[in-house]
Amino acid sequence: MSTAAIGFLYAGATLGAMLSGIPIAFALGFVALAFMVAFMPGASLDTVAQNVYEEMASITLLSIPLFILKGAAIGRSKAGQDLYSAMHAWMHRIPGGLGIANVFACALFAAMAGSSPATCSAIGSAGIPEMRKRGYSPGFAAGIIAAGGTLGILLPPSITMILYAVAAEQSLGRLFLAGIGPGLLLVSLFAAWSIVRFRSEYAAAKAVMERGGPASPILADDQYSMAQRFSTLPRVLPFVILLTGVMVALYGGYATPSETAGLGGLMALALIAAIYGVWRFRDVTPILTATLRESTMLMLIIGMSLLYAYVMSYLHISQSAAAAIVAMQLSPWLLLVTILALVIALGFFLPPVSIILMTAPIILPPLKAAGFDLVWFGVVMTITMEMGLIHPPVGLNIFVIKNIAPDIPLSNIIWGTLPFVILMAVAILILCLVPGIALWLPDLLLATTR
């Protein structure tokens with residue numbers, strides 16, 4: 001059987017396994033093992049455990065459970081609610097300030113927790129009821145939180161970036177730095193849309209009131225004294241200092257990514273113990289349980305994805321697919337558009353972890369040959385995968401929002417997220433036109449270390 005035929009059979013078997021409802025890790029592992037039995041020497045089965053272990057024996061991957069511990073500690077405390085309250089108190093005078101406060105709270109929490117679902121849950125559980133109480137439409141409120149939560153895979157410390165660094169053999173420090181500029185770009189675009197949408201809803205509510213209808217809460221003008229504003233800071237500043245300290249330790253060369261992750265996890269546990277009194281065994285147990293559960297699930301997906309990629313490489317599927325893409329002689333930008341369209345399509349079915357590990361052997365060689373900076377592409381690919389988190393049919397953040405706000409119809413949540421999907425596409429276009437937005441910080445770091 002030809003390599004092309006095996007490749008199409010491999011893709012078809014993978015799609016069938018995914019659509020069958022089998023958990024992603026087991027689906028990938030099952031397909032990989034089946035093709036090892038069918039097309040590889042019998043002795044290859046004896047080395048499955050060794051191959052998976054060798055692929056996962058990376059000091060960079062060690063940081064993943066430690067960053068998850070840090071995120072679980074912060075996410076299961078009241079840090080998200082306190083962060084949101086502080087942002088609202090300081091931004092309430094801006095038109096749409098409540099929405100902007102949620103965007104900024106999501107960005108800061110994402111940078112501390114490194115998890116998109118955790119950001120949605122922590123900020124959304126406080127932010128969505130508050131926005132709806134103040135007259136924001138349900139879809140608008142849901143869209144802000146769902147989109148803000150996606151920043152968890154772009155802003156450091158991003159688990160998705162860690163996996164891309166391993167798959168693309170790129171510097172994790174440079175990737176983390178490259179995500180900061182585009183992350184701020186997305187925050188700015190989301191905040192701008194919040195102002196535009198707020199003005200629209202405010203004008204509509206004012207028109208209803210002028211016609212003799214009921215006054216919407218969106219027309220109310222909240223007031224906070226300076227004392228009230230400063231009173232929100234004591235519980236928030238320690239976590240901001242934690243974020244700053246972790247970043248300084250990593251980028252200043254004082255600690256490796258794994259050491260930084262361990263330091264961040266321990267400091268997060270210490271902070272929630274000191275600030276929220278979360279130190280008893282019964283309080284800490286849910287945090288450790290959540291960390292163990294999520295780490296096990298994620299590492300199992302990583303292990304099976306790496307085995308899947310190993311089989312694909314052994315059967316020369318990835319090499320042949322990459323050669324076929326090169327043979328098409330597409331212009332560099334058309335090649336990029338084609339690959340990003342593939343990533344968007346895969347986002348309908350797969351989480352970012354699997355997309356990276358499954359596609360890296362195929363798409364990275366042609367992109368490198370076309371002259372694209374793989375650090376820059378990692379950022380663009382991450383934003384593209386962010387779109388997958390909030391676009392139907394299986395956008396993860398959509399269902400996280402549905403879980404914390406079950407009374408909002410799913411259709412409203414989807415329509416509320418669509419403008420943010422468009423804004424992400426705009427951000428990708430801007431990054432293509434001005435790649436320096438992503439690369440100036442990594443290049444600055446490289447220049448200072450020479």
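We count residues from 1, following the sequence as given. Atom set for the values below is all heavy atoms of this structure, side chains included, hydrogens, waters and symmetry mates excluded.
- The two residues Ile390 and Thr417 come nearest to each other via the heavy atoms O-OG1, 3.2 Å.
- Qualifying ring-ring contact (aromatic ring centres under 6.0 Å, His included) partners for Phe372, counting only residues two or more places apart in sequence or in other chains: Trp333, Trp376.
- Closest approach of Ala178 to Val375, counting heavy atoms only: CB-CG1, 3.7 Å.
- With rounding to the nearest 0.5 Å, the separation of CG in Leu185 from CD1 in Ile430 is 5.0 Å.
- Residues meeting the salt bridge (Lys or Arg N to Asp or Glu O under 4.0 Å) test with Lys133, sequence neighbours left out: Glu130.
- With sequence neighbours left out, the ring-ring contact (aromatic ring centres under 6.0 Å, His included) criterion links Phe377 to no other residue.
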Return all side-chain donor-acceptor pairs below 3.5 angstrom for residues 160-173, not counting sequence neighbours, or 'none' if the list is empty.
| unit_1 | atom_1 | unit_2 | atom_2 | d |
| --- | --- | --- | --- | --- |
| Tyr164 | OH | Leu374 | O | 2.7 |
| Gln170 | NE2 | Ala168 | O | 3.3 |
| Ser171 | OG | Gly173 | N | 3.4 |
| Ser171 | OG | Arg174 | N | 3.2 |

Next item on the list: Applying side-chain contact (heavy atoms from CB on, under 4.5 Å), run through Thr359 and Leu364 and close with a yes or a no.
Entry: CA-CA 8 Å; Thr359 62; Leu364 294 183; over 6 Å; no
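- Here Pro234 pairs with nothing under the side-chain contact (heavy atoms from CB on, under 4.5 Å) rule; sequence neighbours left out.
- Counting non-hydrogen atoms of neighbouring residues, nucleotides and ligands closer than 6.0 angstrom, the OH atom of Tyr276 exceeds 12 such neighbours.
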Next item on the list: Walk me through it: do Val236 and Leu108 pass the test side-chain contact (heavy atoms from CB on, under 4.5 Å)?
Entry: CA-CA 10 Å; Val236 174; Leu108 282 174; 6.0 Å; no
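- Put simply, CG on Leu342 and OG1 on Thr384 are 11.0 Å apart, with the number rounded to the nearest 0.5 Å.
- Evaluation of the ring-ring contact (aromatic ring centres under 6.0 Å, His included) rule for Phe230 yields Trp90 as partners, not counting sequence neighbours.
- Judged purely by atom type and a 3.5 angstrom limit, Ser295 has no side-chain atom pairing as donor or acceptor with the backbone of Leu292.
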Next item on the list: Evaluate side-chain contact (heavy atoms from CB on, under 4.5 Å) for Met385 paired with Leu389, printing each intermediate quantity in order.
Entry: CA-CA 7 Å; Met385 292 186 293; Leu389 291 172; over 6 Å; no
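- Among residues at least two apart or in separate chains, there is no salt bridge (Lys or Arg N to Asp or Glu O under 4.0 Å) pair with a member in residues 295-312.
- Within the model, atoms CD1 of Ile144 and CG of Asn102 stand 6.0 Å from one another, a figure rounded to the nearest 0.5 Å.
- With ring centers used as reference points, Phe198 lies under 6.0 Å from Tyr136.
- When every heavy atom of Pro182 is checked against every heavy atom of Leu154, the shortest pair comes out as C-CD2, 4.0 Å.
- Two residues are said to be in side-chain contact when any heavy atoms from C-beta on lie closer than 4.5 Å; Met297 and Pro23 fail this criterion.
- Residues Thr382 and Pro352 are not in side-chain contact: their nearest non-hydrogen atoms beyond the backbone lie 4.5 Å or more apart.
- With hydrogens and angles ignored, the 3.5 Å screen pairs no side-chain donor or acceptor of Asp283 with any backbone N or O of Val278.
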Next item on the list: Evaluate side-chain contact (heavy atoms from CB on, under 4.5 Å) for Leu423 paired with Phe420, printing each intermediate quantity in order.
Entry: CA-CA 5 Å; Leu423 289 175; Phe420 294 96; 4.2 Å; yes
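- Going from atom OG1 of Thr338 over to atom CG of Leu330 covers 5.5 Å, rounded to the nearest 0.5 Å.
- Remark: Asp373 pairs with no residue by the salt bridge (Lys or Arg N to Asp or Glu O under 4.0 Å) rule, at least two apart or across chains.
- For residues 10-29, the set of pairs meeting the ring-ring contact (aromatic ring centres under 6.0 Å, His included) definition, not counting sequence neighbours, comprises Tyr10-Phe35, Tyr10-Tyr308.
- The shortest heavy-atom contact between Ala191 and Ile100 is O-CG1, 3.9 Å.
- Annotation for Arg229: atom CZ counts as buried by contact number, over 12 foreign heavy atoms lying within 6.0 Å.
- Take Phe176 and apply the ring-ring contact (aromatic ring centres under 6.0 Å, His included) test, not counting sequence neighbours, and it matches no residue.
- Sorted by first and then second residue, the salt bridge (Lys or Arg N to Asp or Glu O under 4.0 Å) pairs with a member in residues 398-410 read Arg132-Asp407; sequence neighbours excluded.
- Legend: salt bridge (Lys or Arg N to Asp or Glu O under 4.0 Å) pairs involving residues 237-254, not counting sequence neighbours: none detected.
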